[in-house]
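Structure record follows, encoded as structure tokens.
On a predicted model such as this, the values are computed, not experimentally measured, just so you know. Each ligand, and each atom within it, is numbered from 1 in the order the structure gives.
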Amino acid sequence: MSTTPIYERALVWMRRDLRLKDQRALFEATHQSSKVLPVFVIDSNIVDKLSKTDRRVTFIQKSLDEVAEGLDKKGSRLLVVYGDPAEKIPELAKKLKVQAVFTSNDFEAYAKKRDEGVAKRLKSEGVAFHSFKDQVIFEGTEILNGSGEPYRVFTPYSNNWLKQFESAKAKHLRDYQPKMGSLWDASEIREKSTSFWEHGFKEQDIVIPTGSKAAEKLLKDFADHISRYQEARDFPAIGGTSRLSMHIRFGTISIRECLRFADEHLSAGTRVWIKELIWREFYQMILFNFPHVEKGSFKRECDQIKWPGKKEHFEAWVEGKTGFPIIDAAMREFKQTGWMHNRLRMVVAMFLTKDLLLDWRMGEKYFADNLLDFDLASNNGGWQWSASTGCDAQPYFRVMNPYSQSERFDFDGEYIRKWVPELSKLKGKAIHHPLPFEYMEPIVDHSEQRLIAIDLFKKLK
Ligand SMILES: Cc1cc2nc3c(=O)[nH]c(=O)nc-3n(C[C@H](O)[C@H](O)[C@H](O)COP(=O)(O)OP(=O)(O)OC[C@H]3O[C@@H](n4cnc5c(N)ncnc54)[C@H](O)[C@@H]3O)c2cc1C
């Protein structure tokens, strides 16, 4: 890389990369410019629709505070503004007389449109817009099948992903350390920063610790049990997973750092964990190449399905009052915390679609509004997989039985006891199948509903 900076002044627009270490846009900007100012826009198009008690806002604000503190220590600062980024970024570029704006790629439909608009406006004012891959190892069309087409099923995609990753591992695991000496001196910036709190948001308790330091600690602690990940990851009562999804989502940790860590702690468990990180990239690739999934079924014929479920059953599902202990425990934890274990996400999603016979989009939206780690691609992929409308290699007649899932993955009922306290006195297996006088009656009959669900798919043309 050239040592002579190309630009005198530049902005780094942070979005899904809320950290200072191994940060691609900051790396590129600080190596190509003499003075770099990191900026975060509280996007009015997004946040004005959120509840003032949205837990994710607390995570973002606190993570931004940590970024600001880090920049402050280097004599620079983080500028936080509120408004429509399509106006705010060009406006700031003009005021601060920058020649370039650096950022990281984001391929969600809204983000793509937003970035195209910003790039166009900047260009008309003679300001360059540079966007880089940061949040995944492989994006868009980088992993294609032998015919040059995007994959539609996971396993061959994953095999090819691993092959390409291994063939240039050092390149893919590169640590993009910014040149801190190129940060813009805080004393030269007059602009005032705002915060989510100034826009009426209220700080919430969240079960995931915030900021990059916390993410690094989670990763470090995970070293103690990653080798047992493949055995422990399916049991909600055990902390067998990394709990890093929210950090990966908001970029308080880099995906390369996660994979460097995996590479240094190789074991059977680590290989399974890497597969999970590949699932995330798989779903991002699906959203990029098959954008219709955002609104419709991946398997288009599934849009013919008229889901016959009852609206009141959706309310029972949301409230954790279905009469199925494992479903109720998962939904109550989710309502109280915004967190749900992966196994339970699959179980409750399949229950909503195959037992309550409700449209997957209803559950997808409820998750999108409330999941701490909500990510459009992963959430949509997870829901469509569970509803059998998506990229699942298994046929539609796979329907998870909530009772056997409960017996298998919460065998001693520890998880259910915690979240459904009215069942805590039941001993042994009884907790999975309480009698009507011990708990509320199940709102549906699993064996009957399962057959109706299978029939909905059989009829498809
Ligand atoms: C219906 C449904 C909805 C989901 N919605 C989301 C979502 O909005 N955001 C989200 O990050 N994950 C989502 N997932 C995937 C998964 O449940 C979470 O990533 C996982 O529970 C997070 O816990 P962890 O960080 O401890 O994961 P770990 O088991 O430690 O896995 C490591 C990382 O791999 C990624 N990952 C793991 N499993 C998956 C998966 N199946 N699909 C995609 N990425 C995965 C996550 O980034 C995760 O942090 C969803 C799954 C289902 C079935």
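One option in Glu276, His341, Gln284 has a heavy atom closer to atom 36 (N) of ligand 1 than any other, and that option is Glu276. The residue among Arg345, Arg343, Met350 with a heavy atom at the shortest distance from atom 4 (C) of ligand 1 is Arg345.
The single protein non-hydrogen atom nearest to atom 30 (O) of ligand 1 is Ser242 OG, 2.6 Å, given as residue, atom name and distance. In terms of protein heavy atoms, atom 19 (O) of ligand 1 is closest to Ser245 CB, 4.0 Å. Among all protein heavy atoms, the one lying closest to atom 3 (C) of ligand 1 is Asn379 OD1, 3.3 Å. Ranking protein heavy atoms by distance to atom 9 (N) of ligand 1, first place goes to Asp373 O, 2.9 Å. From the protein, the heavy atom lying nearest to atom 15 (C) of ligand 1 is Asn342 OD1, 3.9 Å. For atom 33 (C) of ligand 1, the closest non-hydrogen atom of the protein is Leu277 CD2, 3.5 Å. Annotation: atom 47 (O) of ligand 1 to nearest protein heavy atom, Arg280 CD, 3.5 Å.
Salt bridge Asp84/Lys88: absent, no basic N to carboxylate O contact under 4.0 Å. Here Arg332 pairs with Glu422 in a salt bridge; the nearest charged N to carboxylate O distance falls below 4.0 Å.
Atom numbering of ligand 1 starts at 1 in the shown order; those under 4.0 Å from a heavy atom of Met346 are 53 (C). Distances below 4.0 Å separate heavy atoms of Leu244 from the following atoms of ligand 1: 25 (O), 49 (O). The atoms of ligand 1 that sit less than 4.0 Å from any heavy atom of Trp339 are 22 (C), 23 (O). For ligand 1, the atoms sitting less than 4.0 Å from at least one non-hydrogen atom of Tyr283 are 42 (N), 43 (C), numbered in the order shown with element in parentheses. Listed by atom number, the atoms of ligand 1 under 4.0 Å from Leu371 heavy atoms are 5 (N), 6 (C), 7 (C), 8 (O).
Enclosure of atom NZ in Lys217 is not indicated, since only 12 or fewer non-hydrogen atoms of other residues, nucleotides or ligands lie within 6.0 angstrom.
Every residue meeting the side-chain contact (heavy atoms from CB on, under 4.5 Å) condition with Ser147, not counting sequence neighbours, appears here in chain and number order: Asn145, Glu149. With sequence neighbours left out, the side chain to side chain donor-acceptor pair (under 3.5 Å) criterion links Lys21 to Glu216.
In this pair, Phe282 and Trp279 present their aromatic rings perpendicular. The plane angle is above 60°, beyond the 30 to 60° band. The aromatic rings of Phe290 and Phe298 sit perpendicular, their planes meeting at an angle over 60°, well past the 30° parallel limit. By the 30° and 60° cut-offs, the orientation of the rings of Phe250 relative to Phe59 is tilted. Under the 30°/60° scheme for interplanar angles, the aromatic rings of Phe222 and Tyr229 are found to stand perpendicular. Aromatic ring pairs are classed by plane angle as parallel below 30°, tilted from 30° to 60° and perpendicular above 60°; the pair Tyr157 and Phe154 is tilted.
Remark: Asp375 CG to Ile248 CD1 distance equals 10.0 Å, nearest 0.5 Å.
For Trp317 and Phe351, the ring centers sit 6.0 Å or farther from each other. Aromatic rings of Phe367 and Phe374 (six-membered ring for Trp) have centroids beyond the 6.0 Å cut-off, not under it.
Using a distance-only test at 3.5 Å, with no hydrogens or angles considered, a donor-acceptor pair links the side chain of Glu281 to the main chain of Phe138.
Residue Tyr229 places a heavy atom under 4.0 Å from ligand 1. The closest approach between any non-hydrogen atom of Arg249 and ligand 1 is not below 4.0 Å. Residue contacts with ligand 1 leave out Arg233, since none of its heavy atoms falls under 4.0 Å from the ligand.
Annotation: Asp375 places an N or O atom under 3.5 Å from an N or O atom of ligand 1; distance criterion only. At least one N/O-N/O distance between Trp273 and ligand 1 falls below 3.5 Å. Remark: ligand 1 and Trp279 share no N or O pair separated by less than 3.5 Å (distance only, no angle test). Here's the thing with Trp383: none of its N/O atoms is less than 3.5 angstrom from an N/O atom of ligand 1. Between Arg243 and ligand 1, at least one pair of N/O atoms sits closer than 3.5 Å. Taking only nitrogen or oxygen atoms, main chain and side chain alike, Ile248 does not reach within less than 3.5 Å of ligand 1.
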